[in-house]
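For reference, the structure is listed below as C-alpha cells.
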Amino acid sequence: MTLRRRILFYYAATLSVSLVIVAFWSWFEFTEQREVALRGGVEAASKHNPLLETFEIILFGGLPALLLGIIGGSLLMRRALRPIEQLTEVLEKTTASNLAEPVARSGNGDELDRMSAVFNGMKERLDASFTQTREFTLHASHELKTPLTILHGTLEQMMEDGAAPVAHRERIASMLEEVQRLSGIVGQLAFLAKADAGMLETSCGPVALHDLVRDLVEDLTLLSAPQNISVALESCQHSIVHGDRMRLRQLLLILGDNAVKHNHKNGSIALELRGDGEQITFCIANTGPALPPELHSRVFERFLRGDASHSSSVEGSGLGLSIAQSIARSHHGTLVFEVLEDGRTHLALSLPAGQR
C-alpha cells in the first residue's frame, strides 16, 4: 500500500468511526422518541424539544466523535509519518565517513521505499566520487615524490658548485626553496589522503601529554622571539593519553605554529592543559587578526588561507588545521575553533584520558 493510500485509509477509518457514533446516537434518540409516542400518544411526543434533542445529539454523539477523530487521526497520522521521521534521522547522520552504509528499506514498494532506494544510489555515487578523489590524491602525491626528490638533490648539487656565479646561485636557492615548499605540500596531501582512507600507520601507547606541552612552550618561545610574542603556560596538569606520541606532537606543533604565524608583533600566546579524569583538554589562544565570522565554519577546510588581506603575508599551504583535525579524530578526540570576546583566536583539543 502506498503512503498516500495509507494516509487516506487511516483518515477514512477515523471518519467512519465518527459517523457511526453520530448515527448510533441519532438512532438512539429516534427510538426513544418513538417509544414515548407509543406510550403517551402524540401529545406526549410533542412535549419533546427538537432544539434540546439536537443539542443532545451534538453533545453525546458529535463531541465524542470529534474527539475521537482528533486523537485517533493524530495517532494514525503519527504512525503513517513515522517512516519519514526515521528516514530523516538516518539522512541527518550521513557524513563522508559513512557513505558506504545504505539506508534501510521497507521493501513494500511504496514512495518511502523508492525514496530510500534513490538515497542509497546517491550515497553510492558520492562514496565512489570521494574514493576516487582520495585515490587520485594518494597516487598523485606518491608519483610526485620521486621527481621532486631528484630535483631537490640536483639543485643542492648545483648550489655546492663554487664556480657558479653568485646571481646564478641565488636563482638556484630560490628554486630550491620552492621545491622544498612543494614537497611539503605533497607530503601533507599524502597524509590527508591516508587519513581519509584509514591507512595511517600509528604506534599507540601511553603518552605524557604534559611533557609534549612543555616541549611545545620551549619551541614556541624560540619561534616567536623575532616578533617579540610572549608565550605563557597558564596551567599544565599531569595528563596521560593513549595514542601515537609522534602524531600528537605533530598536532601540537601545528597548533603552535598557527598561533605564531597568525599573530602580530608584541602579541601573546596562552596555553593551558587540564583534565577531569575522563577528558583532557588542551587550549591555545593567540592575539592577532581574527578570522572573519563567515569563515569560522570553514576553518578546517583544506587550502583555506583566511581572508585575502592577511593570507598573502602568512606562509603556509592552508593544510595545517586539516591535518590537526585528522590526527585528533584518529585519537577519538575533537578540535574546536572559536574567536573569544576579546578578539583572540582560540583552539581547544579534547582527548579521552588514558591510564595514569
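A donor-acceptor pair is defined here as one N or O able to donate and one able to accept, closer than 3.5 Å; no such pair exists between the side chain of Asp257 and the backbone of Leu253. Glu234 places no side-chain N or O within donor-acceptor distance of the main-chain N or O of Glu272, the cut-off being under 3.5 Å. No donor-acceptor distance shorter than 3.5 angstrom exists from the side chain of Ser174 to the backbone of Glu170, with no hydrogens or angles considered. Proximity of a side-chain donor or acceptor of Ser129 to a complementary backbone N or O of Arg125 within less than 3.5 Å is not detected. Looking only at distances, a side-chain donor or acceptor of Asn98 sits under 3.5 Å from a matching main-chain atom of Lys93. A side-chain donor-acceptor contact under 3.5 Å links Ser330 to the backbone of Ile327.
You'll find the side chain of Thr137 stays beyond 4.5 Å of the side chain of Leu192, heavy atoms only. Counting heavy atoms from C-beta on, the side chains of Leu248 and His331 come closer than 4.5 Å. Met158 is listed as a side-chain neighbour of Thr154, based on a closest heavy-atom distance under 4.5 Å. Looking only at side-chain heavy atoms (C-beta outward), Leu255 and Phe282 come within less than 4.5 Å of each other. Inter-residue side-chain proximity for Ser239 and Val241 is flagged as unmet; no heavy-atom pair is nearer than 4.5 Å. Within the 4.5 Å cutoff, side-chain heavy atoms of Leu351 are placed close to those of Leu349. Using a 4.5 Å heavy-atom threshold, the side chains of Leu347 and Asn258 count as touching. Looking at Arg274 and Cys283, their side chains come closer than 4.5 Å, going by heavy atoms from C-beta outward.
Atom CG in Asn263 sits 6.5 Å away from atom OG in Ser268 (nearest 0.5 Å). Separating the CG atom in Asp276 from the OG1 atom in Thr281 is a distance of 7.0 Å, to the nearest 0.5 Å. In this structure, CG in Leu273 is found 10.5 Å from NE2 in His238, a value given to the nearest 0.5 Å. Distance CG/Leu335 to CD1/Ile254: 9.5 Å, rounded to 0.5 Å. Remark: Glu92 CD to Leu87 CG distance equals 10.0 Å, nearest 0.5 Å. With values rounded to the nearest 0.5 angstrom, Asp211 atom CG is found 8.0 Å from Cys236 atom SG.
For Gln132, the CD atom sits in a loose shell: 12 or fewer heavy atoms of surrounding residues, nucleotides or ligands are nearer than 6.0 Å. Annotation: Arg214, atom CZ; neighbour count of heavy atoms from other residues, nucleotides and ligands within 6.0 Å is above 12. Other residues, nucleotides and ligands contribute over 12 non-hydrogen atoms within 6.0 Å of the CZ atom of Phe300.
For Glu85, the side chain to side chain donor-acceptor pair (under 3.5 Å) partners are Arg82, not counting sequence neighbours. By the side chain to side chain donor-acceptor pair (under 3.5 Å) test, Glu101 is found to be paired with no residue, residues two or more places apart in sequence or in another chain being considered. The side chain to side chain donor-acceptor pair (under 3.5 Å) check on Arg249 picks up Asp219, with sequence neighbours excluded.
For the pair Val103 and Lys123, the tightest heavy-atom approach, listed with the atom from each and the gap, is CG2-CD, 4.2 Å. Here the closest heavy-atom approach between residue Met159 and residue Ala173 is recorded as SD-N, 3.7 Å. Ala100 and Asp127 get closest at one heavy-atom pair: CB-OD2, 4.1 Å. Between Val260 and Ile229, the shortest heavy-atom contact is O-CD1, 4.2 Å. For the pair Ala324 and Leu251, the tightest heavy-atom approach, listed with the atom from each and the gap, is O-CD1, 3.5 Å. Residue Ile172 comes nearest to Leu155 through the heavy atom pair CG2-O, 3.5 Å, listed as atom of the first residue, atom of the second, then distance.
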Chi angles and distances behind the side chain to side chain contact (heavy atoms under 4.5 Å, CB included) call for Met175, Glu178: CA-CA 5 Å; Met175 289 188 291; Glu178 292 300 319; 5.7 Å; no
Step-by-step side chain to side chain contact (heavy atoms under 4.5 Å, CB included) determination, Ile269 to Leu271: CA-CA 7 Å; Ile269 299 175; Leu271 301 92; 4.0 Å; yes
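The aromatic rings of His296 and Phe337 sit perpendicular to each other, their planes meeting at more than 60°, with 30° as the lower class boundary.
Taken together through direct or relayed side-chain contacts under 4.5 Å among Ile, Leu, Val, Met, Phe, Trp and Tyr, Leu223 and Val217 form part of one hydrophobic cluster. At a threshold of 4.5 Å between side-chain heavy atoms, the hydrophobic network of Ile, Leu, Val, Met, Phe, Trp and Tyr places Phe136 and Leu319 in two separate groups. Under the 4.5 Å side-chain heavy-atom criterion for Ile, Leu, Val, Met, Phe, Trp and Tyr, Val90 and Met122 are members of the same hydrophobic cluster. Both Leu209 and Leu233 are members of a single hydrophobic cluster when ILVMFWY side chains are connected at heavy-atom separations under 4.5 Å. By the criterion of side-chain heavy atoms lying less than 4.5 angstrom apart, applied directly or through intervening Ile, Leu, Val, Met, Phe, Trp or Tyr residues, Leu321 is not grouped with Val336; the two fall into different hydrophobic clusters.
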